[in-house]
Amino acid sequence: MNLAVLASGYGSNLQAIINAIHKGEIRANLAVVISDREDAYALQRAKDHGIEALFLNPRDYPGRDAYDRGIIEQLRLRGVDLVILAGFMRLLTPRFVAEFRGKIMNIHPSLLPAFPGLEGVKQALDYGVKVSGCTVHFVDEGLDTGPIILQEAVPVFDNDTEETLHQRIHAVEHRLYPRAIQLLIEGKLRLEGRRCFLGAT
Ligand code: GRF
(Lines give C-alpha, C1' and ligand atoms only; values in the text may rest on other atoms or scores of the structure.)
Protein backbone atom coordinates (compact mmCIF):
# COMPACT_ATOMS: atom_id res chain seq x y z
CA MET A 1 0.00 0.00 0.00
CA ASN A 2 1.21 3.49 -0.87
CA LEU A 3 0.71 6.25 1.67
CA ALA A 4 0.86 10.01 1.33
CA VAL A 5 1.12 12.36 4.29
CA LEU A 6 -0.25 15.90 3.97
CA ALA A 7 1.20 18.28 6.56
CA SER A 8 1.44 22.04 7.05
CA GLY A 9 3.70 22.31 10.05
CA TYR A 10 6.08 20.70 12.47
CA GLY A 11 5.36 17.13 11.46
CA SER A 12 5.86 15.24 14.71
CA ASN A 13 3.05 12.89 13.69
CA LEU A 14 4.76 12.42 10.34
CA GLN A 15 7.91 11.52 12.26
CA ALA A 16 6.00 8.96 14.33
CA ILE A 17 4.66 7.43 11.12
CA ILE A 18 8.14 7.28 9.55
CA ASN A 19 9.49 5.66 12.72
CA ALA A 20 6.66 3.11 12.73
CA ILE A 21 7.39 2.21 9.10
CA HIS A 22 11.08 1.71 9.95
CA LYS A 23 10.13 -0.54 12.86
CA GLY A 24 7.72 -2.55 10.69
CA GLU A 25 4.75 -1.42 12.78
CA ILE A 26 3.22 0.14 9.68
CA ARG A 27 3.67 -2.13 6.69
CA ALA A 28 3.38 0.30 3.80
CA ASN A 29 5.42 2.58 1.61
CA LEU A 30 5.37 6.32 2.30
CA ALA A 31 5.37 7.56 -1.30
CA VAL A 32 5.28 11.31 -0.75
CA VAL A 33 4.86 14.09 1.80
CA ILE A 34 2.92 17.08 0.47
CA SER A 35 2.67 20.49 2.10
CA ASP A 36 0.88 23.76 1.39
CA ARG A 37 3.63 25.58 3.29
CA GLU A 38 7.11 25.87 1.87
CA ASP A 39 8.64 26.30 5.32
CA ALA A 40 6.87 23.31 6.89
CA TYR A 41 9.41 21.37 8.94
CA ALA A 42 7.50 18.25 7.87
CA LEU A 43 9.06 18.65 4.39
CA GLN A 44 12.54 18.67 5.92
CA ARG A 45 11.76 15.54 7.93
CA ALA A 46 10.72 13.78 4.72
CA LYS A 47 13.91 14.80 2.93
CA ASP A 48 16.02 13.67 5.90
CA HIS A 49 14.57 10.21 5.43
CA GLY A 50 14.88 10.09 1.65
CA ILE A 51 11.14 10.50 1.15
CA GLU A 52 9.88 12.71 -1.64
CA ALA A 53 8.86 16.12 -0.26
CA LEU A 54 6.51 18.16 -2.41
CA PHE A 55 5.49 21.77 -1.80
CA LEU A 56 2.33 22.73 -3.68
CA ASN A 57 1.70 26.45 -3.40
CA PRO A 58 -2.02 27.29 -3.10
CA ARG A 59 -1.26 30.64 -4.75
CA ASP A 60 -0.36 28.84 -7.98
CA TYR A 61 -3.97 27.69 -8.32
CA PRO A 62 -7.09 29.77 -9.03
CA GLY A 63 -9.06 28.35 -6.09
CA ARG A 64 -9.61 25.56 -3.58
CA ASP A 65 -11.05 23.13 -6.06
CA ALA A 66 -8.16 23.60 -8.49
CA TYR A 67 -5.66 23.21 -5.66
CA ASP A 68 -7.22 19.97 -4.48
CA ARG A 69 -7.32 18.69 -8.06
CA GLY A 70 -3.61 19.47 -8.19
CA ILE A 71 -2.99 17.36 -5.09
CA ILE A 72 -5.18 14.53 -6.40
CA GLU A 73 -3.16 14.50 -9.62
CA GLN A 74 0.11 14.13 -7.69
CA LEU A 75 -1.38 11.37 -5.54
CA ARG A 76 -2.63 9.48 -8.59
CA LEU A 77 0.76 9.78 -10.30
CA ARG A 78 2.31 7.99 -7.33
CA GLY A 79 -0.39 5.37 -6.94
CA VAL A 80 -1.36 6.55 -3.47
CA ASP A 81 -4.02 4.39 -1.79
CA LEU A 82 -4.24 6.08 1.61
CA VAL A 83 -4.04 9.78 2.47
CA ILE A 84 -2.91 10.70 5.97
CA LEU A 85 -3.58 14.24 7.19
CA ALA A 86 -1.08 15.20 9.87
CA GLY A 87 -1.52 18.82 10.84
CA PHE A 88 -2.74 19.78 7.36
CA MET A 89 -4.38 23.16 7.85
CA ARG A 90 -6.81 23.10 4.94
CA LEU A 91 -10.31 21.71 4.67
CA LEU A 92 -10.48 19.24 1.80
CA THR A 93 -13.02 19.89 -0.93
CA PRO A 94 -15.94 17.46 -1.45
CA ARG A 95 -14.27 16.42 -4.72
CA PHE A 96 -11.14 15.32 -2.84
CA VAL A 97 -13.18 13.45 -0.23
CA ALA A 98 -15.20 11.69 -2.94
CA GLU A 99 -12.03 10.70 -4.80
CA PHE A 100 -10.52 8.98 -1.74
CA ARG A 101 -13.62 8.14 0.30
CA GLY A 102 -12.80 5.89 3.22
CA LYS A 103 -9.11 6.32 2.41
CA ILE A 104 -8.41 9.61 4.18
CA MET A 105 -7.56 9.81 7.87
CA ASN A 106 -7.04 12.75 10.17
CA ILE A 107 -5.87 13.23 13.72
CA HIS A 108 -7.32 15.90 15.95
CA PRO A 109 -6.11 17.03 19.39
CA SER A 110 -9.41 16.75 21.27
CA LEU A 111 -12.04 14.18 22.05
CA LEU A 112 -14.36 14.80 19.11
CA PRO A 113 -17.09 15.90 18.67
CA ALA A 114 -15.86 18.35 21.32
CA PHE A 115 -13.68 21.22 20.10
CA PRO A 116 -13.39 20.63 16.34
CA GLY A 117 -11.57 23.03 14.02
CA LEU A 118 -8.67 25.28 14.84
CA GLU A 119 -6.94 25.39 18.23
CA GLY A 120 -8.63 22.30 19.65
CA VAL A 121 -6.27 22.24 22.63
CA LYS A 122 -6.85 25.90 23.49
CA GLN A 123 -10.61 25.50 23.10
CA ALA A 124 -10.61 22.60 25.57
CA LEU A 125 -8.46 24.45 28.08
CA ASP A 126 -10.54 27.62 27.83
CA TYR A 127 -13.73 25.61 28.31
CA GLY A 128 -12.32 24.16 31.51
CA VAL A 129 -12.58 20.43 30.78
CA LYS A 130 -10.84 18.02 33.18
CA VAL A 131 -10.20 15.42 30.51
CA SER A 132 -9.23 15.90 26.88
CA GLY A 133 -7.41 13.69 24.39
CA CYS A 134 -7.07 12.94 20.73
CA THR A 135 -9.11 11.39 17.96
CA VAL A 136 -8.17 9.56 14.78
CA HIS A 137 -11.04 9.68 12.33
CA PHE A 138 -11.98 9.19 8.71
CA VAL A 139 -12.36 12.40 6.77
CA ASP A 140 -15.72 13.35 5.32
CA GLU A 141 -16.94 16.67 3.90
CA GLY A 142 -17.32 18.30 7.31
CA LEU A 143 -14.84 19.86 9.70
CA ASP A 144 -13.56 16.98 11.88
CA THR A 145 -16.90 15.19 11.56
CA GLY A 146 -15.98 11.82 9.99
CA PRO A 147 -16.40 8.41 11.70
CA ILE A 148 -14.11 7.94 14.70
CA ILE A 149 -11.47 5.20 14.45
CA LEU A 150 -9.56 5.51 17.73
CA GLN A 151 -9.70 7.88 20.68
CA GLU A 152 -7.72 8.19 23.86
CA ALA A 153 -8.19 10.48 26.82
CA VAL A 154 -5.54 12.43 28.71
CA PRO A 155 -6.02 14.31 31.99
CA VAL A 156 -6.02 18.09 32.16
CA PHE A 157 -4.14 19.46 35.18
CA ASP A 158 -4.76 22.77 36.94
CA ASN A 159 -1.35 24.12 36.01
CA ASP A 160 -1.59 23.11 32.33
CA THR A 161 -0.86 25.62 29.60
CA GLU A 162 -1.78 25.06 25.98
CA GLU A 163 1.81 23.86 25.45
CA THR A 164 1.93 21.33 28.29
CA LEU A 165 -1.47 19.90 27.43
CA HIS A 166 -0.63 19.68 23.74
CA GLN A 167 2.62 17.93 24.63
CA ARG A 168 0.70 15.30 26.62
CA ILE A 169 -1.75 14.88 23.74
CA HIS A 170 1.04 14.67 21.16
CA ALA A 171 2.65 11.77 23.04
CA VAL A 172 -0.60 9.81 22.73
CA GLU A 173 -1.10 10.85 19.10
CA HIS A 174 2.28 9.42 18.16
CA ARG A 175 1.18 6.02 19.43
CA LEU A 176 -2.45 6.11 18.25
CA TYR A 177 -2.01 7.30 14.66
CA PRO A 178 0.41 4.58 13.49
CA ARG A 179 -1.85 1.99 15.11
CA ALA A 180 -4.94 3.28 13.28
CA ILE A 181 -3.07 3.34 9.97
CA GLN A 182 -1.87 -0.24 10.36
CA LEU A 183 -5.38 -1.39 11.32
CA LEU A 184 -6.71 0.05 8.06
CA ILE A 185 -3.86 -1.50 6.07
CA GLU A 186 -4.70 -4.89 7.60
CA GLY A 187 -8.36 -4.46 6.65
CA LYS A 188 -9.37 -4.49 10.31
CA LEU A 189 -11.59 -1.41 10.29
CA ARG A 190 -15.25 -2.10 9.61
CA LEU A 191 -17.67 0.78 9.14
CA GLU A 192 -21.38 0.54 9.91
CA GLY A 193 -22.86 3.98 9.41
CA ARG A 194 -20.90 6.28 11.68
CA ARG A 195 -19.58 3.46 13.84
CA CYS A 196 -16.18 2.01 13.15
CA PHE A 197 -15.51 -1.45 14.59
CA LEU A 198 -12.16 -3.13 15.00
CA GLY A 199 -12.09 -6.58 13.48
CA ALA A 200 -11.88 -8.27 10.09
CA THR A 201 -13.87 -6.60 7.32
C1 GRF B 1 -1.56 17.58 16.03
O2 GRF B 1 -1.83 17.91 17.34
C3 GRF B 1 -2.80 17.07 15.34
O4 GRF B 1 -3.73 16.54 16.21
C5 GRF B 1 -3.36 18.31 14.71
O6 GRF B 1 -2.28 19.11 14.37
C7 GRF B 1 -1.16 18.78 15.18
C8 GRF B 1 -0.03 18.47 14.25
O9 GRF B 1 1.18 18.30 14.94
N10 GRF B 1 -4.21 17.97 13.59
P11 GRF B 1 2.47 17.81 14.17
O12 GRF B 1 2.70 18.77 13.01
O13 GRF B 1 2.23 16.41 13.71
O14 GRF B 1 3.58 17.90 15.18
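By convention here, the first residue in the shown sequence is residue 1.
Taking a cutoff of 4.0 Å between a charged side-chain nitrogen and a carboxylate oxygen, Asp68 and Arg64 do not qualify as a salt bridge. Taking a cutoff of 4.0 Å between a charged side-chain nitrogen and a carboxylate oxygen, Glu173 and Arg175 do not qualify as a salt bridge. Remark: Arg101 does not engage Asp140 in a salt bridge, criterion side-chain N to carboxylate O under 4.0 Å.
Within 6.0 Å of the CG atom in Leu118, the count of heavy atoms belonging to other residues, nucleotides or ligands does not exceed 12. For Arg37, the CZ atom sits in a loose shell: 12 or fewer heavy atoms of surrounding residues, nucleotides or ligands are nearer than 6.0 Å. The environment of Tyr127 atom OH is sparse: at most 12 non-hydrogen atoms of other residues, nucleotides or ligands sit within 6.0 angstrom. The environment of CZ in Arg195 is sparse: at most 12 heavy-atom neighbours from other residues, nucleotides or ligands sit within 6.0 Å. Remark: Asn159 CG is packed, more than 12 non-hydrogen atoms of other residues, nucleotides or ligands lying under 6.0 Å away.
Remark: Asn57 CG to Glu38 CD distance equals 7.5 Å, nearest 0.5 Å. Interatomic distance, CZ of Arg95 versus CD1 of Ile72, reported as 6.5 Å (0.5 Å rounding). Here the straight-line distance linking atom CG of Leu43 with atom CZ of Phe55 works out to 8.5 Å at 0.5 Å rounding. Atoms OH and CD1, from Tyr61 and Ile71 in turn, are 8.0 Å apart once rounded to the nearest 0.5 Å. Put simply, OG1 on Thr135 and CG on Leu176 are 8.5 Å apart, with the number rounded to the nearest 0.5 Å. Once rounded to the nearest 0.5 Å, the distance linking CD1 of Ile21 with CG of Leu3 reads 5.5 Å.
With hydrogens and angles disregarded, no donor-acceptor distance shorter than 3.5 Å links the side chain of Asp81 to the backbone of Met1. No donor-acceptor distance shorter than 3.5 angstrom exists from the side chain of Arg76 to the backbone of Glu73, with no hydrogens or angles considered. Between the Gln151 side chain and the Val136 main chain, no donor and acceptor come within less than 3.5 Å of each other. Checking side-chain atoms of Thr93 against main-chain N and O of Asp65 turns up no donor-acceptor pair under 3.5 Å. Of the possible polar contacts, one joining the Arg45 side chain to the Gly11 backbone as a donor-acceptor pair under 3.5 Å is found. A donor-acceptor contact shorter than 3.5 Å links the side chain of Arg194 to the backbone of Gly146. For Gln74 (side chain) and Leu54 (main-chain N/O), no donor-acceptor pair under 3.5 Å exists by modelled atom type. The backbone N or O of Ala40 sits nowhere less than 3.5 Å from a side-chain atom of Tyr10 that would complete a donor-acceptor pair. Judged by distance alone, with hydrogens and angles left aside, the side-chain atoms of His108 form a donor-acceptor pair with the main-chain N or O of Phe115 at under 3.5 Å. Of the possible polar contacts, none joining the Asn2 side chain to the Ala31 backbone as a donor-acceptor pair under 3.5 Å is found.
Side-chain contact between Asp144 and Asn106: present, with at least one pair of heavy atoms (C-beta onward) separated by less than 4.5 Å. Ile148 places none of its side-chain heavy atoms less than 4.5 Å from the side chain of Cys196. A heavy-atom distance below 4.5 Å is not found between the side chains of Ile107 and Leu85. The closest side-chain heavy-atom distance from Tyr177 to Ile84 is below 4.5 Å. Counting heavy atoms from C-beta on, the side chains of His174 and Gln15 never come closer than 4.5 Å. Using a 4.5 Å heavy-atom threshold, the side chains of Phe96 and Leu91 count as separate. Taking 4.5 Å as the limit, every side-chain heavy atom of Glu25 sits out of range of all side-chain heavy atoms of Gln182.
Of all the heavy atoms in Ala7 and Ala42, the pair that sits closest is CB-CB, 3.7 Å. The two residues Val5 and Ala86 come nearest to each other via the heavy atoms CG1-CB, 4.0 Å. Here the closest heavy-atom approach between residue Val80 and residue Val83 is recorded as CG1-CG2, 4.2 Å. Ile149 and Ala180 make their closest contact through CG2-CB, 4.1 Å (heavy atoms, listed as atom of the first residue, atom of the second, distance). Leu56 and Pro58 make their closest contact through O-CD, 3.3 Å (heavy atoms, listed as atom of the first residue, atom of the second, distance). Between Leu92 and Val97, the closest heavy-atom pair is CB-CG2, 4.2 Å.
Taking a 4.5 Å side-chain heavy-atom cut-off between Ile, Leu, Val, Met, Phe, Trp and Tyr, the cluster of Leu111 extends to Val131.
Both Phe100 and Val32 belong to a common hydrophobic cluster when Ile, Leu, Val, Met, Phe, Trp and Tyr are linked at side-chain heavy-atom distances under 4.5 angstrom. Grouping the Ile, Leu, Val, Met, Phe, Trp and Tyr side chains by contacts below 4.5 angstrom, directly or via other members, places Ile26 with Ile18. There is no path of hydrophobic side-chain contacts, each under 4.5 Å, that joins Leu112 to Val121. Both Ile185 and Ile17 are part of a single hydrophobic cluster, where members link through side-chain heavy atoms under 4.5 Å apart. Two different hydrophobic clusters hold Leu82 and Ile104 under the rule that ILVMFWY side chains link at heavy-atom gaps under 4.5 Å.
Below 30°, between 30° and 60°, or above 60°: for His166 and His170 the angle between ring planes is below 30°, a parallel geometry.
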>> Before you tell me yes or no, could you show the steps for Phe138 and Leu191 under side-chain contact (heavy atoms from CB on, under 4.5 Å), namely the whole-Å CA-CA distance, both residues' side-chain angles and the distance that decides it to 0.1 Å?
In response: CA-CA 10 Å; Phe138 286 113; Leu191 264 186; 4.2 Å; yes

> Please walk me through it: do Glu163 and Gln167 pass side chain to side chain donor-acceptor pair (under 3.5 Å)?
Replying inline: CA-CA 6 Å; Glu163 288 68 36; Gln167 219 170 20; over 6 Å; no

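Scanning for side-chain contact (heavy atoms from CB on, under 4.5 Å) contacts around Leu198 gives Leu150, Arg179, Leu183, Leu189, with sequence neighbours left out. Applying the salt bridge (charged side-chain N to carboxylate O under 4.0 Å, His left out) rule to Arg78 yields the partners Glu52; only residues at least two apart in sequence or on another chain are considered.
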